[in-house]
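Residues take their numbers from the sequence shown, with the count starting at 1.
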Amino acid sequence: MTAAVPLLEVSRLVKAFGGVRAVDDVSFGVAPGELVALIGPNGAGKSTCFNLINGQLLPDSGAVSLDGGSIAGLAPREIWRRGVGRTFQVAATWASMSVIENVQMALLSHHRQLYRFWPAAAPMYRDQAAALLEQVGLAGVGDRPCATLAYGDVKTVELAIALANEPRLLLMDEPTAGMAPRERGALMQLTRRLVKERGIAVLFTEHSMDVVFAHADRILVLARGQLIASGAPAAIRDDPAVREVYLGSGRLSADAPAAGATR
């Protein structure tokens, strides 16, 4: 069976702060429709790697390409325009605005019409925003202020906002942080269904090993800035180098996250 061609390709990426290489010669790819988890203990380099892909940091060397075109060194907004969406560990929504207005704002930005002022822009893309909310299971809450939603629903609104940009690649920074176990599973199942339907490539970091092993197609493991393992969840769980990094010895459990394995 022929492997899918990666949409995102990271090649020999390096970023140092002082004498410390936070990302040290890291290479990997993510294909359309694939959910890839990037994990590692504190200080492994996950956030730095994310920020290099997203344009918040400039690489010292190496390449980042999207569908064959280089995006390394571009501004975050330009990378977003090229089809890279992102969700954050702390949900980024406008709490005082209604749920549907949050999604409308994302659609206005996608269509480059943010210069329009409320209320002139209020009717614009409302039907499209409502359709996105229906797709993520929030059809009945569109007119409620985001501030009144449960945290799990706010994270789901953030997913709808990200999808409004019609991303080809979605970067998810600890998408289930702060959520109850049942909410975590529901959000990731929803994400999996939507990205498979749309052929979106997903790279996500996550501290919860139950989420990682239940929902990732493939897992990348960073330690001290270096990629020490890459493979299917079953192979990663039993990889001696991964067990050593997380636990010192023993088995990396999908049910009990390793202590300190957050970012």
Side-chain angles (χ1 to χ4, degrees), residues 6-17 20-40 42-93 102 105-106 109-110 112 114 155 157-177 191 194-195 198-207 212 216 218-222 225-227 230 262-263:
L7 176 74
L8 171 69
E9 292 186 90
V10 173
S11 179
R12 308 203 67 174
L13 203 59
V14 174
K15 182 65 180 179
F17 298 99
V20 177
R21 284 197 171 197
V23 174
D24 187 2
D25 199 28
V26 169
S27 300
F28 62 87
V30 184
E34 186 180 32
L35 278 77
V36 177
L38 182 66
I39 68 170
N42 287 334
K46 303 184 299 297
S47 293
T48 301
C49 193
F50 250 52
N51 290 335
L52 289 167
I53 296 169
N54 195 50
Q56 292 176 307
L57 290 173
L58 297 176
D60 295 333
S61 61
V64 181
S65 65
L66 183 73
D67 200 17
S70 175
I71 58 173
L74 296 181
R77 185 170 183 81
E78 180 59 29
I79 293 174
W80 180 81
R81 290 283 186 206
R82 296 193 182 197
V84 179
R86 183 167 181 177
T87 67
F88 295 86
Q89 181 179 0
V90 178
T93 60
N102 269 267
M105 287 293 288
S109 180
H110 175 59
R112 305 194 181 202
L114 273 180
K155 298 285 279 188
V157 173
E158 189 184 34
L159 176 60
I161 290 171
L163 293 175
N165 188 44
E166 299 180 6
R168 294 183 291 163
L169 169 67
L170 183 58
L171 305 175
M172 304 182 76
D173 189 0
E174 298 197 18
T176 70
T191 300
L194 292 172
V195 302
R198 296 172 179 230
I200 301 170
V202 176
L203 179 67
F204 71 98
T205 66
E206 182 57 62
H207 75 280
V212 169
R218 189 158 48 89
I219 300 173
L220 310 171
V221 186
L222 286 178
Q226 296 184 331
L227 187 64
S230 173
T262 55
R263 291 182 68 76

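A side-chain donor-acceptor contact under 3.5 Å links Asn165 to the backbone of Trp80. Checking side-chain atoms of Arg168 against main-chain N and O of Arg82 turns up a donor-acceptor pair under 3.5 Å. At least one donor-acceptor pair under 3.5 Å links the side chain of Glu34 to the backbone N or O of Ala31. Between the side chain of Asp24 and the main chain of Gly225, no donor-acceptor pair closer than 3.5 Å is present. Between the side chain of Ser11 and the backbone N or O of Ser27, no donor-acceptor pair lies under 3.5 Å. For Thr205 (side chain) and Glu174 (main-chain N/O), a donor-acceptor pair under 3.5 Å exists by modelled atom type. A donor-acceptor distance shorter than 3.5 angstrom exists from the side chain of Lys15 to the backbone of Leu58, with no hydrogens or angles considered.
Residues Val14 and Arg21 form a side-chain contact, since some pair of their non-hydrogen atoms from C-beta on lies under 4.5 Å apart. Contact annotation: the side chain of Phe28 approaches that of Leu203 to within less than 4.5 Å [non-hydrogen atoms, C-beta and beyond]. For the pair Val221/Leu227, no side-chain contact is recorded, criterion being any heavy-atom separation below 4.5 Å from C-beta on. With a 4.5 Å cut-off on side-chain heavy atoms, Leu13 and Asp25 do not count as touching. Residues Val64 and Ser70 fail the side-chain proximity criterion, which asks for heavy atoms closer than 4.5 Å. Here the side chains of Asp60 and Val23 are not in contact, with every heavy-atom distance at 4.5 Å or above. Looking at heavy atoms from C-beta onward, Pro6 lies out of side-chain contact with Val30 at the 4.5 angstrom threshold.
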>> Checking Leu169 against Ile200 for the side-chain contact (heavy atoms from CB on, under 4.5 Å) test, could you report, in this order, the C-alpha distance in whole Å, the side-chain angles of both residues, the deciding distance, and whether it holds?
In response: CA-CA 6 Å; Leu169 169 67; Ile200 301 170; 5.8 Å; no

>> Please evaluate residues Val202 and Val36 with respect to the criterion side-chain contact (heavy atoms from CB on, under 4.5 Å), reporting the C-alpha separation (whole Å), side-chain torsions for both, the decisive distance (0.1 Å), and the verdict.
In response: CA-CA 6 Å; Val202 176; Val36 177; over 6 Å; no

>> If you apply the rule side-chain contact (heavy atoms from CB on, under 4.5 Å), what do you find for Asp173 with Arg86, and how did you get there?
In response: CA-CA 8 Å; Asp173 189 0; Arg86 183 167 181 177; 3.6 Å; yes

>> Applying side-chain contact (heavy atoms from CB on, under 4.5 Å) to Leu57 and Phe17, what does each step give before you reach the verdict?
In response: CA-CA 11 Å; Leu57 290 173; Phe17 298 99; 4.0 Å; yes

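In this structure, CG in Leu171 is found 9.0 Å from CD1 in Ile79, a value given to the nearest 0.5 Å. Rounding to the nearest 0.5 angstrom, the gap separating the CG atom in Leu170 from the CG atom in Leu163 is 7.0 Å. Distance OG/Ser109 to CZ/Arg81: 5.0 Å, rounded to 0.5 Å. In this structure, the separation between CG on Leu35 and CD1 on Ile219 is 11.5 Å, given to the nearest 0.5 Å. One distance of note links NE2 of His207 with CD1 of Ile39; it measures 12.5 Å at 0.5 Å rounding. Between Ser230 atom OG and Arg218 atom CZ the span is 5.0 Å, to the nearest 0.5 Å.
When every heavy atom of Thr87 is checked against every heavy atom of Ala162, the shortest pair comes out as CG2-CB, 4.0 Å. The nearest pair of heavy atoms linking Pro59 to Gly73 is CD-N, 4.3 Å. Of all non-hydrogen atoms in Gly199 and Pro32, the two that sit nearest each other are O-CB, 3.4 Å.
A cation-pi arrangement is not found for Lys46 relative to Phe50, the charged atom failing to lie both closer than 6.0 Å to the ring centre and inside a 45° cone about the ring normal.
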